[in-house]
Each structure stands twice: as structure tokens, then as C-alpha cells.
Colleague: 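Input: one structure, supplied below.
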Amino acid sequence: MQDLDRALAEIGAIKSQLARAERFHGLGPTAFAATGALALAAAIGEAHWMSAVQPVGFLALWIAVAGISAAVISAEMVGRSRRLHSPLADEMIGAAVTQFLPGATVGAAATLVLLRCAPQTLWIAPGLWQITFGLGVLASCRFLPRGIALVGAWYVGSGLACLAWAQGPLAFSPWAMGVPFGIGQLMVAAVLRFSGETDA
């Protein structure tokens, strides 16, 4: 029985190594284009219907947009992975998520700390989110087409620009979130499309 357990553990370790070494084809352009359009639509909606700057409303809107986007991308990722990586699908999804998750977790935790302990500094949230998202994208580059590194650089650069300029009267501007994320997600869709990641 111990030999069987050891053999199964070794097979699991080999599958994990293979999953980490192979390029991930679970991401397709359609979901990213849709989430880019969603970010731009949310910014337009916020500009038209949220007249007063309300930090909690701003955070709620963009957390909802992030949740919807994550659900859309995850659904496509699971379907594509099962179709294109069938023997290693679960391992490859796990490896991809593991690379991206630390950045997303730090962004969420930092937002919670700011909200509870220093609400006067919440204006930095859009820039912080973009920087941590960009770091997550950069951490995932080795699994994805090379152009994804440009997307990670875009998010880090836009986040730094937000920290520099989206403060005072420009704090919580819908464009500080909608434009960077809209363009960034559309960039991912373009990289995937032109690297041959179709949705067939």
C-alpha cells in the first residue's frame, strides 16, 4: 500500500511539473474583450449616474466589476482548459491561478486595511489595484504569450500614474479605473488573438 501511495504521489508531482513547464492555453480573447468593455461601460455609467464622489460606492462598484470579470474569465478558462489540456487541465489551472493569486490577495487585503484603519487614504485604491494586478500579470508571464509582459507593464505604469495624479479633486474618478482596466483587458484580448489563442 505504501508503494502505491508513493507511486501516486510521484505521478502527481510529475503532472504538476509538466503543468508548470507547458504554455497555458486556457485563456481566450473573448472573455478579456468582454471584461474590457465592461470596465469602460462601468466608468461611463459611474460618470453619468454617480454625481457625488462616494468612496464606499466607488469601491463597491469596482469590486463588483472585478467579481463579474473574474467569473467570466474563470468560466472560459475552465472550459478551454478541459478542452485543450484535458489530461493536465486541473494542474494547469492550479498553476496559473497560483501565479496570479498573491497579487490579487495583497490588493484585496490592502484595500480592507485602508477601509478599516485609514479611510482618508482610500483614494490610493485605484492605483494600488492596478499595480498589484500588474504584478500578478507579470508573475504569470512564463505560462502565457510573450506580449502579456507589456500588459503587466501597462497596469503597473497606469497604477503609478493614478497614484501621481488621481488625487484631490480627481480622486475616485471613474476614468482612473475604467480606462486603465478597459485598455488593459483589451490588450490581453489582442495579445491572445494575435498569438493564435482563438475561441474555437
Side-chain angles (χ1 to χ4, degrees), residues 23-50 57-81 83-84 93 96-97 99-101 103-108 111 124-163 165-166 170 172-200:
R23 182 169 151 189
F24 184 55
H25 296 282
L27 302 176
T30 300
F32 283 94
T35 58
L38 175 63
L40 293 171
I44 292 167
E46 182 185 352
H48 279 49
W49 290 298
M50 289 178 70
F58 178 91
L59 294 178
L61 171 68
W62 289 103
I63 289 169
V65 169
I68 293 167
S69 297
V72 168
I73 292 167
S74 296
E76 183 186 52
M77 179 172 64
V78 169
R80 284 177 59 91
S81 295
R83 193 168 63 252
L84 300 173
I93 291 169
V97 170
Q99 292 296 312
F100 185 78
L101 203 54
T105 303
V106 168
T111 302
I124 70 169
L128 183 68
W129 289 344
Q130 291 164 49
I131 291 168
T132 56
F133 194 83
L135 292 175
V137 171
L138 290 170
S140 304
C141 279
R142 64 190 181 108
F143 293 110
L144 301 170
R146 284 193 325 198
I148 293 294
L150 294 174
V151 178
W154 162 261
Y155 277 119
V156 171
S158 67
L160 293 171
C162 261
L163 291 178
W165 292 300
L170 297 177
F172 306 107
S173 165
W175 312 115
M177 285 296 296
V179 171
F181 277 96
I183 291 174
Q185 297 301 84
L186 293 172
M187 285 173 66
V188 175
V191 169
L192 294 173
R193 179 69 184 90
F194 291 113
S195 67
E197 299 292 344
T198 64
D199 290 307

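Count residues from 1 along the sequence.
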Colleague: How many angstroms lie between atom CD of Q99 and atom CG of L138, to the nearest 0.5 angstrom?
Modeller: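 If we round to the nearest 0.5 Å, Q99:CD and L138:CG are 11.5 Å apart.
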Colleague: For S140, give me all partners under side-chain hydrogen bond (donor to acceptor under 3.5 Å, both in side chains), at least two apart in sequence or on another chain.
Modeller: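 Once residues adjacent in sequence are excluded, S140 has no partner under the side-chain hydrogen bond (donor to acceptor under 3.5 Å, both in side chains) criterion.
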Colleague: Do T30 and E76 have side chains that approach each other closer than 4.5 Å (heavy atoms only, starting at C-beta)?
Modeller: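 T30 vs E76: side chains touch.
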Colleague: If I compare all heavy atoms of G159 with all of Q130, which pair ends up nearest, and what's the gap?
Modeller: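 Looking at all heavy atoms of both residues, the closest pair is N-OE1, 3.3 Å.
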Colleague: May I have the list of side-chain donor-acceptor pairs in residues 172-191 shorter than 3.5 Å, sequence neighbours left out?
Modeller:
residue	atom	partner	partner atom	Å
S173	OG	W175	N	3.2
Q185	OE1	Y155	OH	2.8
Q185	NE2	T35	OG1	3.1

Colleague: Side chains of residues 57-74: which donor-acceptor pairs under 3.5 Å do they make with residues two or more places apart or in other chains?
Modeller:
residue	atom	partner	partner atom	Å
W62	NE1	E46	OE1	2.9
S69	OG	V65	O	2.9
S74	OG	A70	O	2.7

Colleague: How about T132 and T105: do any of their side-chain heavy atoms sit closer than 4.5 Å?
Modeller: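 No - every pair of side-chain heavy atoms lies 4.5 Å or more apart.
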Colleague: Kindly compute the distance separating CG (L192) from CD1 (I148), expressed to the nearest 0.5 Å.
Modeller: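 Taking CG in L192 and CD1 in I148, the distance rounds to 5.0 Å.
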Colleague: Taking ring pair (Phe, Tyr, Trp, His ring centres under 6.0 Å) as the test, write out the residues that go with F32, two or more places apart.
Modeller: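 With neighbours one apart ignored, the set is empty.
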